[in-house]
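Written below as C-alpha cells is the structure these notes are about.
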Amino acid sequence: MMRIDILTLFPDMFQGPFSESIIRRAVDQGSVEIFLHDIRDYSEDKHKKVDDYPFGGGAGMVMQPGPIAALMDKLMAEREYDDIIYMTPDGQRHSQHLANQLSLKTNLIILCGHYKGVDQRIRDHYITCEVSIGDYVLTGGELAAAVVVDSVVRLIPGVISDETSALTDSFQDGLLAPPVYTRPANFRGWQVPEVLLSGHQAKIDQWREDMAWQRTRKLRPDLLSDES
Ligand code: ADE
C-alpha cells in the first residue's frame, strides 16, 4: 500500500480531483492512502502566520521554514519516506518515466509552495526531489501536486481494472497512442477503419503500431530524437 502525505496551505484544493473517478477508487479500495496536512496548523504564531517578507526585499511573500519543518519532523519520526518532493516551476520536468518510478515507492511527501515559494533552507535540508509539471507558473504547487499524484496512482497495480490498460497509454512506450473507435461502426457515414472490424488480431496490432509511429512523427517528432 502506498502512502502519500501532501503538505499545503490549501488542502481543500484537492477535494475535487481526489474524490472522483480512478483516484477515488484507488483510495476506496485501499491501493493508496492520501493524507492532506494544513501547514497553517503547525504555525506557532498567535495569528497562525506562515509567511513573511523576503530578506533583501522584493515582491511577494515567502513561506517560513518553521511550520513546514515541524510538520516534516513529525511525519519523518513516524515512518521512513522514499522521497520528499517539492512542487516548483524550477524542478525537474514531470514525465511518464518519473510517474513510473514514483508508483513503485511506499511513502511519499509532497510539499506545495505558494506565493513566492518556500524558504530555501527547507529545500536544502528536507527535499530530495523537485518537480515541475511544465514551463508555466501556477498560483501554487497544489494543482501540480494533483497532476503528479494522478499520474502516479493510476499506475499502482490493480488501480486500473484492465491491468494492461496503463501499458497502452501514450508515452508508456515512448510513442503517442493510436486512435481509438467504438460503436457504431458507421456514424453519420464516418466509417471506422476496416482493419479494426476484421477480427484479425495480428493485423490490428500492426495497424496500431503503424498509427502510433505516424502520429508521433507528425505531432511529436521530438519524442523520436535522442535529445528528449
Ligand atoms: N508551482 C507553481 N508552478 C508550478 C509548476 N509549473 N510546476 C510545479 N509546481 C509549480
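Atoms within each ligand, like the ligands themselves, are counted from 1 in listed order.
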* Asked: Are more than 12 heavy atoms from other residues, nucleotides or ligands located less than 6.0 Å from atom CD of Glu194?
  -> no
* Just wondering, are more than 12 heavy atoms of other shown residues or ligands nearer than 6.0 Å to CD in Glu80? -> no
* Separation between CD1 of Ile85 and CD of Gln92, rounded to the nearest 0.5 Å -> 9.0 Å
* Are Gln96 and Asn100 side-chain neighbours, meaning at least one heavy-atom pair lies under 4.5 Å? -> yes
* **Set of residues satisfying side chain to side chain contact (heavy atoms under 4.5 Å, CB included) with respect to Arg24, sequence neighbours excluded** => Asp28
* Asked: Are any of the side-chain nitrogens in Arg123 or Asp90 under 4.0 Å away from the carboxylate oxygens of its partner?
  -> yes
* Asked: Can you list, by chain and residue number, every protein residue with a non-hydrogen atom closer than 4.0 Å to ligand 1?
  -> Met87, Thr88, Pro89, Val131, Ser132, Ile133, Gly134, Tyr136, Val137, Leu138, Gly140, Gly141, Ala144
